[in-house]
A.B. asks: 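Structure provided below as structure tokens; questions to follow.
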Amino acid sequence: MKFPPRKALGSNEIKSINQVIRYYKKKGIDPGYQGYFEHSLCKKFSLMMGGGYTDACSSGTAAAYIAISALNLKKGSEVLISPVTDSGPLNALILLGLKPRLIDSYPNSYNVSLKQFLNRVTKKTKAALIMHIGGETSQIYEICKEAKKRKIKVIEDCSQAPFARSIWNKKYSLCNKKFVGAFGDISFFSTMYSKTISSSGSSGLVFTKNKKLYRNVLSHADRGKQIWRKNINLKDPSKALHPALNLNSNEFSSAITLASLNRVKKTIKGRIKFLENLNNDLKSSKTCSVVYKNFKLFSPFFISIHIKTHLLKIGKINFVNNIKKEGVPLLNSYGCIISDWKWARKYMQDKFITKNAINFKNNSFNLFLNENYGKQESRAIVAKIIKVEKKFLK
Ligand SMILES: Cc1ncc(COP(=O)(O)O)c(C=O)c1O
């Protein structure tokens, strides 16, 4: 069976490229920085987030770098970081001269709960970089509440969970209405080609509800320039406030991202439906299951499938590779556990190892999905899993 490709570069994205060409041809100018399409994208995104300010930039890594820079943390400051992410956000902390201090995930997850945050927070902690991995959320409402008491800034990485809602809190109805990225002081989203909101290339978004922080975002995204000022010549470097790199987005990327954003709710809905089917179908498996609950609040990106490895007569990797050989689209071992990166160890504040995150990696695999998967795909995946399981059950 062939699993349907995503084809994120759909007809609306293609139309949007033509729109950019038409718009600038008509204007008789070349597409530049902070133009019409970037403005439209940022306005729409802010609106969908429930109000605030957005800046588009060149990548998710750039967005992380800008968001962290905007907080003006002193060099050497201690910053807590979730155990699982792409290397970009960690590299941003390191290159900004900050001291990353790892937090573990809660058992059977790549995300962080308040307990793990409290286990690792110290009097020296100045900020916390909290990720929402695989479409599930961290316990962000409670973490932000505790962080605020301690004057700790919270940066959310929503790259893998745009428009997911927090599932943890006691004030369930409040968080049900609020999307991740709107809890912390500032948040960032990678919109690189394979993300739920896709720019069909490299791109990112920074979001905040705080106008002052937003201005810091703008200047840190473009060479220290006061982008918000209408009465100065932005091409004149003497008017800049501080040194910063050029991490600007562009009009084509913004227009494509806007087209993707316009159908993101539908994208997420389709993925949730698939996840519900899969969860149901997997009930017939003795070894594999989806450990998450509350799928309706998710923004599925990949699905971690938990394996009862003790029931198998072969190792986990061997078992998963057999499922992969059957054609199931999956990643057998997630590489994004920071504790596993030897090169990063010397930059960390201490030698803490995130045992829960490593344990989850060792007992799960990441199933890829997209919004074109339906009942048929779910049944086919589970049939393959059960076929392999029957062969290798003790
Ligand atoms: C959770 C997370 N954060 C940050 C990034 C970095 O984004 P980019 O690849 O756009 O630089 C990614 C994706 O690669 C990611 O998955």
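FYI, the numbering just counts along the sequence from 1. In each ligand, atom 1 is the first atom listed, and ligand 1 is the first ligand listed.
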A.B. asks: Report the member of Q160, K195, H132 with the shortest heavy-atom distance to atom 14 (O) of ligand 1.
C.D. replies: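 The option holding the nearest heavy atom is K195.
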A.B. asks: Side chains of S109 and E136: donor-acceptor distance under 3.5 Å anywhere?
C.D. replies: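 Judged by distance alone, the side chains do pair up.
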A.B. asks: Applying a 4.0 Å heavy-atom criterion (strictly less than), which segment of A62 is in contact with ligand 1: side chain, backbone, both, or neither?
C.D. replies: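 None of A62 does.
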A.B. asks: Taking the side chain as every heavy atom from C-beta outward, state whether N108 and Y292 have any atom pair closer than 4.5 Å.
C.D. replies: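 The answer is no, as the side chains (C-beta and beyond) never meet within the 4.5 Å cut-off.
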A.B. asks: Do the charged groups of E371 and R6 touch, with an N to O distance under 4.0 Å?
C.D. replies: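 R6 and E371: salt-bridged.
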A.B. asks: Output the list of atoms in ligand 1 that are nearer than 4.0 Å to some heavy atom of S159, sorted by atom number.
C.D. replies: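 So the answer, numbered in order with elements, is 1 (C), 2 (C), 3 (N), 4 (C), 15 (C).
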A.B. asks: Counting each atom of ligand 1 from 1 as listed, which ones have a heavy atom of S190 under 4.0 Å away?
C.D. replies: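 Reading through ligand 1 atom by atom, the close ones are 7 (O), 8 (P), 10 (O).
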A.B. asks: Answer with yes or no whether G88 contacts ligand 1, where contact means a heavy atom under 4.0 Å from a ligand atom.
C.D. replies: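 No.
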A.B. asks: Show the atoms of ligand 1 that are less than 4.0 angstrom away from any heavy atom in S59.
C.D. replies: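 Counting atoms of ligand 1 from 1, those under 4.0 Å from S59 are 10 (O), 11 (O).
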A.B. asks: Mark up the atoms of ligand 1 that fall under 4.0 Å of a heavy atom belonging to P89, in ascending order.
C.D. replies: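 Going through ligand 1 atom by atom, the ones under 4.0 Å from P89 are 3 (N), 4 (C).
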A.B. asks: Below 4.0 Å, non-hydrogen atoms only: which portion of T61 touches ligand 1? Side chain, backbone, both or neither.
C.D. replies: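 Both of them.
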A.B. asks: If you measure from NZ on K235 to OH on Y33, what distance do you get to the nearest 0.5 Å?
C.D. replies: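 So the gap between those two atoms works out to 10.0 Å.
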A.B. asks: Distance under 4.0 Å to a non-hydrogen atom of T85: what atoms of ligand 1 satisfy this?
C.D. replies: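 In order of number, 1 (C), 2 (C), 3 (N).
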A.B. asks: What protein heavy atom is closest to atom 12 (C) of ligand 1, reported as residue, atom name and distance in Å?
C.D. replies: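 Scanning the protein heavy atoms, the shortest distance from atom 12 (C) of ligand 1 goes to D86 CB, 3.4 Å.
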A.B. asks: Please confirm whether the ring centroid of Y334 lies under 6.0 Å from the ring centroid of F360.
C.D. replies: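 No, they do not, as the ring centres are separated by 6.0 Å or more.
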A.B. asks: Walk me through it: do R165 and K178 pass the test side chain to side chain contact (heavy atoms under 4.5 Å, CB included)?
C.D. replies: CA-CA 6 Å; R165 287 165 291 174; K178 201 164 161 178; over 6 Å; no
A.B. asks: Are F189 and F207, when compared by the centres of their aromatic rings, separated by less than 6.0 Å?
C.D. replies: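 No, they do not, as the ring centres are separated by 6.0 Å or more.
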A.B. asks: Note the single closest protein heavy atom to atom 1 (C) of ligand 1, along with its residue, its atom name and the distance in Å.
C.D. replies: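 The protein heavy atom lying closest is D157 OD2, 3.3 Å.
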A.B. asks: Determine, using ring centers only, whether F163 and F179 are less than 6.0 Å apart.
C.D. replies: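 When the ring centroids of F179 and F163 are compared, they turn out to be within the sub-6.0 Å range.
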A.B. asks: Tell me the protein heavy atom at minimum distance from atom 9 (O) of ligand 1, and give that distance in Å.
C.D. replies: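 Of the protein heavy atoms, M192 CG, 3.8 Å lies nearest.
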A.B. asks: Please work out, at 4.0 Å between heavy atoms, whether the side chain, the backbone, both, or neither of M131 comes within that distance of ligand 1.
C.D. replies: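 No part of M131 comes within reach of ligand 1.
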A.B. asks: Which of the atoms in ligand 1, numbered in the order shown and given with their element, are less than 4.0 Å from a heavy-atom of G60?
C.D. replies: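 Within the 4.0 Å cut-off of G60, ligand 1 contributes 7 (O), 8 (P), 10 (O), 11 (O).
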A.B. asks: Ring centroid separation for F188 and Y65, is it under 6.0 angstrom?
C.D. replies: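 Centroid separation for F188 and Y65: 6.0 Å or greater.
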